[in-house]
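Everything below concerns the one structure shown next.
Counting begins at 1 with the first residue of the sequence.
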Amino acid sequence: MTAITDIILNPGEKPNEREGAVVQWHYSDMQRMYGVQVNWQSASGEKSMYYDMLMHCKGIKDDAATWEISKNNIFLDNKRPEAPLELLAIACAEPCYPFVFTASKDGIIKSLLNTEIIKKRFAEAKEILFRDFDGGIALQYIDATEHALSQPQQLKKIVTTDLWLSLFFSPIIGQYDIGKIKPLLINLPFFGFQEPLVFNGTIKIDKPNFDNKSQALIVEAALDGPTIIEGETLLSGKLEATYDIDIPGHTIRNISCHATVITDKGEHYLWLNGYQIETKETPPPEKEDAKSKSWWSVF
């Protein structure tokens with residue numbers, strides 16, 4: 001067992017010694033790049049997205065961490081965006097980054113810190129948006145985006161509806177004993193639904209791997225039962241996820257997730273593979289067939 005602590009640590013702080021494995025949040029002053037590949041499948045078709053997520057933990061105070069995030073290098077259905085609506089959605093999203101917020105160690109997004117800066121950046125970008133995109137649909141989309149950015153709850157969805165961030169900020173921080181499970185509740189954004197779906201289950205930690213450089217957190221969860229959401233009856237659903245935790249840092253290195261939801265109107269499948277990129281070189285997304293190009297609702 002590794003002698004570590006379950007409290008938030010800053011660089012240079014010494015942990016209290018105790019037996020057991022702990023997942024930490026001492027990312028303070030760390031800057032990491034993660035490559036994120038997401039795939040969806042439902043009766044309406046298949047979709048995929050790849051992006052780089054740059055995450056910088058700028059500091060920790062009063063059990064809350066300040067994070068700055070940026071999203072870049074986006075692929076839609078395994079290609080660089082080309083369709084006008086795809087390009088418009090990305091252009092409207094760009095002024096939102098870098099996005100700064102605080103999050104507690106139990107996975108709750110507490111406050112947004114640069115809302116006024118985002119609104120100012122978007123206002124400055126409008127002239128270019130109107131120049132590069134014309135037509136009634138484009139103008140309506142630009143106006144709708146500006147309106148959304150003026151509402152804190154809509155702006156907060158930049159964080160809470162991103163699948164990678166939702167998994168990254170799930171309440172997994174704390175003490176673990178090998179062989180024992182802990183309860184876990186995950187609010188998961190699911191393509192095709194406006195609001196996140198709630199999965200209730202357990203999480204446990206596996207033994208360190210053969211080189212003693214990482215441990216795996218194993219998540220198994222399910223929807224609580226039949227319920228009606230947005231006109232669909234959710235009959236069943238399950239989620240399986242693995243968090244690759246590095247040692248000795250005890251912070252998230254990779255996340256893989258697979259979720260299935262069955263409704264009275266069909267089946268929905270979701271896969272995510274997110275991994276820390278050690279260099280600035282970004283590998284291309286995995287090749288696979290894709291059918292739908294209706295992407296602007298994602299951003």
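Taking a 6.0 Å sphere around CD of E127, one finds it holds 12 or fewer heavy atoms contributed by other residues, nucleotides or ligands. Within a 6.0 Å sphere centred on CG of L185, heavy atoms belonging to other residues, nucleotides or ligands number more than 12. In E220, the CD atom is not crowded: 12 or fewer heavy atoms of neighbouring residues, nucleotides or ligands sit closer than 6.0 Å. The 12-atom threshold is not exceeded at CD of Q194, counting heavy atoms of other residues, nucleotides or ligands nearer than 6.0 Å. Remark: K119 NZ is packed, more than 12 non-hydrogen atoms of other residues, nucleotides or ligands lying under 6.0 Å away. Atom NZ of K156 sits in a crowded spot, with more than 12 heavy atoms from other residues, nucleotides or ligands closer than 6.0 Å. In D134, the CG atom is not crowded: 12 or fewer heavy atoms of neighbouring residues, nucleotides or ligands sit closer than 6.0 Å.
For the pair K71 and Y97, the cation-pi criterion (under 6.0 Å, within 45° of the ring axis) is not fulfilled. Both cation-pi conditions hold for K182 and Y176: the charged atom is under 6.0 angstrom from the six-membered ring centre and inside a 45 degree cone around its axis.
Using cut-offs of 30° and 60° on the angle between ring planes, the pair F168 and W67 is perpendicular. Using cut-offs of 30° and 60° for the angle between ring planes, the W164 and Y34 rings count as tilted. Between F169 and F101, the two ring planes are perpendicular [angle over 60°; tilted spans 30° to 60°].
Summarising the geometry, atom CZ belonging to F99 is positioned 8.0 Å from atom OG1 belonging to T115; distances are rounded to the nearest 0.5 Å. Taken to the nearest 0.5 Å, the CG atom of L223 stands 9.5 Å off from the CG atom of L188. One distance of note links CD1 of I108 with OG of S170; it measures 11.5 Å at 0.5 Å rounding. Rounding to the nearest 0.5 Å gives a distance of 8.0 Å between OG1 of T242 and CD of E240. Note: I181 CD1 to I218 CD1 = 13.0 Å, rounded to the nearest 0.5 Å. In this structure, CG in N200 is found 11.5 Å from CG in L239, a value given to the nearest 0.5 Å.
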Atom pairs and distances, side-chain donor-acceptor, residues 147-154, under 3.5 Å, sequence neighbours left out:
residue, atom, partner, partner atom, Å
H147, NE2, Q151, NE2, 2.8
S150, OG, H147, O, 2.5
Q151, NE2, H147, O, 3.4

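In the model, N39 has a side-chain atom that pairs as donor or acceptor with a side-chain atom of Q37 under 3.5 Å. At a cut-off of 3.5 Å, with distance as the only test, no side-chain donor of T102 or T66 sits close to an acceptor on the other residue.
Nearest heavy-atom pair, V198 versus N187, reported as atom, atom and distance to 0.1 Å: CG2-OD1, 3.2 Å. Of all the heavy atoms in I158 and D162, the pair that sits closest is O-CB, 3.7 Å.
When hydrophobic clusters are built by joining Ile, Leu, Val, Met, Phe, Trp and Tyr residues whose side-chain heavy atoms come closer than 4.5 Å, directly or via intermediates, L113 is not grouped with L155.
The shortest side-chain heavy-atom distance between I252 and D244 does not fall under the 4.5 Å cut-off. Contact annotation: the side chain of R253 approaches that of S214 to within less than 4.5 Å [non-hydrogen atoms, C-beta and beyond]. Between D29 and Y27 there is no side-chain heavy-atom pair separated by less than 4.5 Å.
Without hydrogens or angle criteria, E86 side chain to E82 main chain gives a donor-acceptor distance under 3.5 Å.
Remark: D264 pairs with no residue by the salt bridge (Lys or Arg N to Asp or Glu O under 4.0 Å) rule, at least two apart or across chains. Every residue was checked against the salt bridge (Lys or Arg N to Asp or Glu O under 4.0 Å) condition with K265, not counting sequence neighbours, and none meets it.
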For salt bridge (charged side-chain N to carboxylate O under 4.0 Å, His left out), just list the numbers for D246 and R32, CA-CA rounded to whole Å, side-chain angles, deciding distance to a tenth of an Å, and then say yes or no. CA-CA 13 Å; D246 58 37; R32 293 182 174 183; 3.6 Å; yes

